[in-house]
Amino acid sequence: MTWETFLWTTLGAFLTLCTFSFLYKDNPFYKFAEHLVVGVSAGYFALVLYHQILIPNVFDKIFDGEWWYIIPALLGIMMWTRFSRKYSWISRWPIALYMGIASGMAVPREMHARVIEQMHSAMINIIDMNNIMGNSFFDTASGIAKLIVFIGTLSALFYFFFSKEHKGFFKGISQFGIWILMIGFGASFGYTVMGRISLFVQRIQVMRDWTVVAWADEASGAFAVFWIITFGVFAIWAVFEIRKYLRSKRSTA
Amino acid sequence: MNIFDRIMSFDRRWIFLSLAIVCVVTFMWPFHVPITLSNEVRSIYNRFDSLKEGDMIYLSVDYDPNALAELHPTTYVLAEMCFRKNVKVIFGTLSNLGQGMVDQVIDDITDSVMLDKTYNGVFYEGREIQNGIDYVFLGYKPYPAMVIQAMGLDFRVPFPTDYYGTPLDSIPIMKGVKNFDQCKLVMDMAAGNVAEMWITYGHGNYNVPLALAVTGVMGADMYPYLNSGQIFGLAAGLLGSAQIEKLCDNPGRAIDGMRIQLFAHILIILFIIMGNIGFFVTRRRKKMGGDVR
Amino acid sequence: MKRQLPLAMVFIFGFLMIIQYFIPHEYSEWVNAFLMDWMMIIGVFALALGLWSLTRVSWDKVRQKKPNWGYSIVTLAGLFLMMFFGFDYFRHFSTAVGSDNYMYIHFYRHIVIPIQATMFSLLAFFIASAAYRAFRARSLLATLLLVAALVIMLRFNPFLGPLQPIMEEFSVWLLNVPNLAAKRAIVIGVGLGMVATALKVILGIERAYLGKD
Amino acid sequence: MRLKLLFLSCLLLIFICTSAFTQDEAVVADSLETTAETISPAPATSLTAIDKPDDHGHGIDLSWELSADDGGGLMSVMGYMIYRATSPDGSYEARSGLLLNVTAYSDVGAMNEGENDYMPDYTDYYYKVRALTTDSAVFADSEILGPVQSFGQWFNWKRLSVLLLVAGFLFLTVYFIQKAKGGAKLFVRRLAGIEAVDEAIGRATEMGKPILYVLGLGTAADIATIASYTILSRVAKKVAEYQTGLIVPCYDPIVMAIAQETVKTSYMNAGRADAYNEDMVYFVTNQQFAYVAGVNGVMLRDRPATNIYMGKFYAESLILAETGVAAGSIQIAGTDEISQIPFFVVACDYTLIGEELYAASAYLGKEPLLLGSLKAQDYAKACLIFLAIIGFITLMFGYHGIVDFFHVAG
């Protein structure tokens with residue numbers, strides 16, 4: 001490993017620790033990492049848009065003779081009237097255009113993708129399945145399971161009625177609907193736990209790899225210095241925290 | 001304030017700390033965890049185990065780096081198992097980033113065997129794993145459904161040459177190998193809809209004995225195919241990979257990952273149980289008119 | 001002019017896009033692609049507003065010496081260094097221009113990626129603390145939530161012994177039956193809600209975003 | 001083109017070697033080859049070609065009947081290929097790969113001039129289908145069919161059901177809005193999450209702390225974000241009336257611009273234009289977790305009394321909500337992102353699930369116009385449930401009409 005890569009990866013490792021320190025409480029290290037990443041990522045994003053959209057999709061096109069790209073460019077520039085108090089109403093035109101296009105796009109497409117497609121798959125034939133009872137109690141392909149999905153879907157939809165008081169029969173069915181919703185939420189939650197733990201494991205792996213590589217190489221001296229400094233800084237901070245804590249305890253007692 | 005009140009008003013940073021400790025410790029310390037074996041994974045192993053020297057199988061590596069954590073261990077273990085048993089392997093991929101995956105698997109195993117004569121604790125006495133003799137890598141072609149159908153006719157149709165540019169006819173192990181009829185089984189490691197294509201076109205058209213290793217998310221959707229007998233085995237997610245590693249007696253990343261997952265889950269479940277006990281006890285006292293603070 | 005024209009534009013472009021969906025002709029495809037480009041381009045220009053806002057808020061903190069003002073200098077420094085590297089046509093670091101600039105790439109790789117990945121991995125902890133706090137059998141609904149989550153989390157636990165395969169099967173059932181029903185109902189409801197909201201915007205009933213006068 | 005030919009010739013080569021014999025005896029095949037394969041097969045018949053319907057042009061649909069020798073007769077036909085020319089006796093070029101056991105094919109070319117495989121509209125094309133055998137020299141061409149032209153359509157009939165549903169929904173919306181304008185009383189049931197908003201603003205005022213409103217990660221084009229503006233405008237109005245602080249960190253610059261306009265309007269409506277400050281609504285950054293880091297910082301340092309999350313949220317939902325819990329804020333969330341609802345349900349005090357987010361604006365405003373559209377939504381839902389039940393029952397008796405209505409092919 002060269003000194004150069006050593007320094008860069010060490011910076012990354014240090015910032016990783018800074019971010020993890022947030023789990024304990026808000027602290028100067030986290031504040032530093034947070035403010036740094038906000039600035040750097042905003043700058044990064046600005047440049048990405050500049051190089052990947054503004055240049056190829058606007059300037060290049062206009063200069064290549066597709067003059068009509070001046071129109072969206074002008075609309076974009078109209079957004080800048082927001083810098084002025086007097087003319088800021090002009091910025092409503094591009095906003096109105098944006099909202100119009102977005103809403104118009106959504107109407108048929110969402111109707112198709114969400115409502116129609118889901119309705120289609122909600123209506124299942126439970127009879128022509130050759131196993132109505134299924135192979136076992138928890139067979140997901142059985143007719144009974146399919147019937148539960150169908151009834152569950154409809155009752156959960158009943159829960160979303162807004163202009164009807166949930167009373168009588170209506171109450172029963174929307175109650176069943178909310179049971180279904182809750183079981184579904186619990187299941188998704190439990191299912192996600194596994195993936196989230198592996199995110200943390202990945203970070204451990206990154207830190208371990210960095211440690212192994214750094215130790216194994218000529219930069220190991222600098223590596224030791226890094227660890228000493230990092231731990232030293234964190235330790236001093238911890239001592240201050242503990243003292244503060246003890247003092248507060250004494251004062252309350 | 002008694003113990004139950006303490007549980008109820010417990011600082012969540014203790015949870016963070018214990019979770020971090022559990023993860024780091026289980027990560028660093030390779031102790032043994034029991035892994036329960038499911039029938040669908042066991043049947044994959046049994047098929048592989050019954051292969052004889054000189055048999056041929058097809059391994060389809062249809063995932064990209066995103067699913068690497070879950071499926072890579074399976075590919076490693078199964079490929080290694082075949083090499084060990086002198087079973088010939090045809091590698092192919094239907095995912096455009098899959099070539100890198102196959103390359104990595106082949107390189108890691110062959111290099112290790114070449115240098116140390118061992119791979120992951122398995123000793124290869126006086127033997128090397130050679131391209132064209134122990135395995136062949138066909139490479140990647142787009143349009144998975146078409147490729148599977150064409151391979152059912154003849155491997156030479158979609159892949160006139162292998163990944164390295166050698167014509168298939170001049171590769172020793174491809175002599176007399178025409179299509180899936182000469183393969184004892186097809187194992188598909190898939191992230192995405194390629195798995196269903198293998199079922200529809202591979203199994204449906206050519207009746208190949210097919211087993212799948214898929215990502216955890218896809219697992220639940222694949223059970224119907226298992227029940228209907230379209231696939232003979234199914235390994236889903238990291239859990240499936242870990243079971244295969246265990247069955248093949250070749251522990252690696254999947255078992256490591258499982259160990260951490262398992263203990264982290266147990267810890268979280270313990271916390272949930274503790275929270276509920278605390279909740280019930282304090283509630284009962286509240287009902288009895290006790291002092292709750 | 002200040003209010004009627006924008007409302008008219010929303011109406012016209014909204015209906016244009018609805019109609020466009022039903023016309024397969026290539027002219028209609030061209031219009032669609034062109035308008036998508038418009039939205040993207042307006043977004044690029046609007047970014048200047050965003051950067052200005054970030055700069056001003058940070059600078060105000062520094063100037064007025066608000067609490068934690070020192071960190072705002074870090075934000076500003078990060079932002080402007082990145083901009084400088086990205087526009088460095090004089091090749092101060094003897095490397096390529098623009099998004100291939102050495103410093104630009106390394107700042108991204110070794111500052112943005114580690115911090116973002118770590119932020120993401122905090123979820124491992126938060127999912128545990130959220131589970132601890134919320135999964136209590138307070139009511140029937142909370143119990144259903146709790147039981148479903150527990151079953152799924154126990155599905156691969158070998159310490160359960162003979163119960164484990166049952167848990168496995170039960171969790172597959174939970175994911176494919178009640179979970180599917182819940183998701184499907186939510187998707188249909190959300191679809192209707194979206195269409196209703198979009199229609200309200202097009203018809204000019206929802207107009208909070210346009211401002212007054 | 002060359003690839004296709006290579007593909008085909010390769011295939012043929014292999015078939016020559018292996019077709020009539022078992023694979024192990026491929027070597028013997030050479031000597032017997034000539035006797036087996038000299039009779040031409042029967043050609044494919046009843047070739048039809050029409051412009052591909054419901055498309056943007058540049059495509060022609062073909063269909064034919066299998067050759068008599070495919071799967072019967074001589075059993076010699078193994079597949080088909082489509083050939084096209086621009087005049088009946090011009091040079092025919094292959095337009096498809098080998099088609100196994102099919103009787104239909106769509107010949108689709110590129111739309112723009114200069115692209116590879118460009119297929120101009122309103123041009124006469126002539127087609128023939130070639131039935132191929134294992135011997136590349138033995139094949140049979142169908143009769144030549146033509147001329148056919150391709151052209152784009154002005155209505156996509158496959159999407160008719162979408163049009164009908166959109167039109168029906170539009171009708172319901174307009175009808176109920178008219179009815180509401182006429183002064184009809186419309187009932188809406190209570191929604192805990194919505195009522196909590198008022199309460200939470202009151203609490204923030206008592207505590208003298210600000211309210212944090214997060215619009216989520218959506219762009220201004222996401223309908224969830226649009227719904228969120230409306231909620232923001234109601235919240236901002238109440239905040240202005242109570243003179244509480246408001247913090248709106250934004251993820252997208254256009255969202256920021258619109259949110260500024262929304263908040264400003266609300267302050268003006270509340271008669272407190274002087275209290276509005278441009279920096280209430282500000283841009284953070286457009287990278288997911290960097291944004292989360294920034295918002296977390298606000299929660300821990302400004303200690304808002306209430307956090308309101310409305311809009312599109314992804315994996316960051318739980319990070320935000322748990323930090324909010326640590327900071328001791330009351331939290332109200334609403335999102336249409338299904339995978340994130342469970343996390344909000346678990347970590348927040350009140351959650352608007354899916355459609356409730358879209359209904360929230362009507363609730364908060366209590367304007368008859370908005371309530372009217374809520375009523376339309378309910379009627380639409382009732383119709384869908386009714387149709388689903390009918391479809392479900394008729395399906396059991398083998399009638400697919402309703403199910404097919406809800407299937408959009410293109």
Side-chain angles (χ1 to χ4, degrees), chain A residues 19 22 25-26 30-31 33-35 37-42 44-45 79 82 88 91-92 95 98-99 101-103 105-108 110-112 115-117 119-120 122-128 150 153-154 157-166 181-182 184-189 192 196, chain D residues 159 161-163 165-166 169 186-189 191 220-223 226 254 257-258 260-261 283-287 289-291 293-294 296-297 300-301 339 341-343 345-346 353-356 359 362-363 371 374-375 377-378 381-382 384-385 387-389 391-392 395-396 402-403 406-408:
Chain A
T19 314
F22 166 73
K25 65 184 264 191
D26 190 26
Y30 175 71
K31 280 183 206 164
E34 173 213 317
H35 283 86
V37 77
V38 166
V40 172
S41 65
Y44 174 79
F45 183 68
M79 287 297 284
R82 296 190 60 80
S88 72
S91 71
R92 283 179 201 162
I95 288 178
Y98 199 93
M99 300 288 273
I101 298 175
S103 315
M105 245 170 55
V107 171
E110 298 296 350
M111 188 62 109
H112 174 191
V115 180
I116 294 182
E117 285 300 319
M119 282 291 287
H120 178 71
M123 289 178 265
I124 340 153
N125 195 345
I126 58 165
I127 298 291
D128 71 9
F150 182 71
T153 308
L154 293 197
L157 262 181
F158 265 104
Y159 168 76
F160 288 113
F161 270 92
F162 301 107
S163 61
K164 191 110 178 75
E165 191 85 64
H166 285 177
L181 287 177
M182 282 297 156
F185 294 157
S188 324
F189 189 102
T192 323
R196 299 305 190 226
Chain D
R159 291 179 174 173
S161 57
V162 182
L163 182 67
L165 284 180
V166 167
F169 194 68
L186 299 173
F187 169 83
V188 283
R189 77 177 162 89
L191 216 59
D222 280 310
I223 306 297
I226 296 178
I254 299 186
I258 301 177
Q260 279 173 347
E261 198 73 26
F283 175 74
V284 183
T285 175
N286 209 322
Q287 297 266 315
F289 290 103
Y291 172 76
N296 275 356
L300 293 173
R301 272 155 239 146
S339 54
I341 296 173
F343 301 112
V345 167
V346 161
I353 300 165
E355 196 182 357
E356 292 176 343
Y363 268 88
L371 290 179
L374 206 58
K375 196 87 185 166
Q377 248 164 286
D378 273 4
K381 239 172 299 175
L384 287 179
I385 291 177
L387 279 175
I389 293 173
F392 183 74
L395 200 58
M396 282 196 243
I402 294 173
V403 182
F406 285 102
H407 182 61
V408 180

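First the proteins, then the strands, lettered A, B, ... as listed; each starts at 1.
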Examine whether an atom of [X] lies under 4.5 Å from a heavy atom of chain A, and if so say whether it belongs to the side chain, the backbone or both; otherwise answer neither.
X        : value
D:Ile353 : both
D:Phe289 : neither
D:Leu374 : side chain
D:Val345 : side chain
D:Ile389 : both
D:Ile223 : side chain
D:Ala382 : both
D:Tyr291 : neither

For a quick test of reading the model, state the closest non-hydrogen atom pair linking [X] to [Y] and the distance between them.
X        : Y        : result
D:Gln287 : A:Ser41  : CG-CB, 3.5 Å
A:Met99  : D:Ala220 : SD-O, 4.1 Å
A:His112 : D:Val408 : NE2-CB, 3.5 Å
D:Ala221 : A:Tyr98  : N-CE2, 3.6 Å
A:Val38  : D:Ala290 : CG2-O, 3.7 Å

Using the test side chain to side chain donor-acceptor pair (under 3.5 Å), find all partners of D:Lys381 that sit at least two apart in sequence or belong to another chain.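 Partners of D:Lys381 by the side chain to side chain donor-acceptor pair (under 3.5 Å) criterion, ordered by chain and then number, come out as D:Glu355, D:Asp378.
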
A:Tyr159: which residues meet the side chain to side chain donor-acceptor pair (under 3.5 Å) condition with it, sequence neighbours left out?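 Result, side chain to side chain donor-acceptor pair (under 3.5 Å) vs A:Tyr159: D:Glu356.
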
Could you tell me the separation between the [atom1] atom of [X] and the [atom2] atom of [Y], rounded to the nearest 0.5 Å?
X        : Y        : atom1 : atom2 : answer
A:Tyr30  : D:Asn296 : OH    : CG    : 4.5 Å
A:Arg92  : D:Glu261 : CZ    : CD    : 5.0 Å
D:Thr285 : A:Phe45  : OG1   : CZ    : 8.0 Å
D:Leu300 : A:Phe22  : CG    : CZ    : 5.0 Å
A:Met111 : D:Leu165 : CE    : CG    : 5.0 Å

In terms of heavy-atom proximity below 4.5 Å to chain D, should [X] be classed as side chain, backbone, both, or neither?
X        : answer
A:Phe162 : both
A:Ile95  : side chain
A:Thr192 : side chain
A:Val115 : side chain

Before giving the answer on side-chain contact (heavy atoms from CB on, under 4.5 Å), spell out for D:Ile402 and A:Met123 the whole-Å C-alpha distance, their side-chain angles and the decisive distance to 0.1 Å. CA-CA 9 Å; D:Ile402 294 173; A:Met123 289 178 265; 4.0 Å; yes

Counting distance only, does the side-chain N/O of D:Arg189 pair as donor-acceptor with the main-chain N or O of A:Phe161 below 3.5 Å?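 Confirmed, D:Arg189 side chain pairs with A:Phe161 backbone.
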
Main-chain N/O of D:Val403 paired to A:His120 side chain as donor or acceptor, under 3.5 Å: yes

Interface residue of largest heavy-atom contact number with chain D, from A:Leu181, A:Val37, A:Ile116, A:Leu154, under 4.5 Å: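 Result: the option with the highest number of such pairs is A:Ile116.
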
As an exercise: rank A:Met105, A:Lys164, A:Met79 by heavy-atom pairs under 4.5 Å with chain D and give me the winner.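 Of the candidates given, the most pairs with chain D belong to A:Lys164.
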
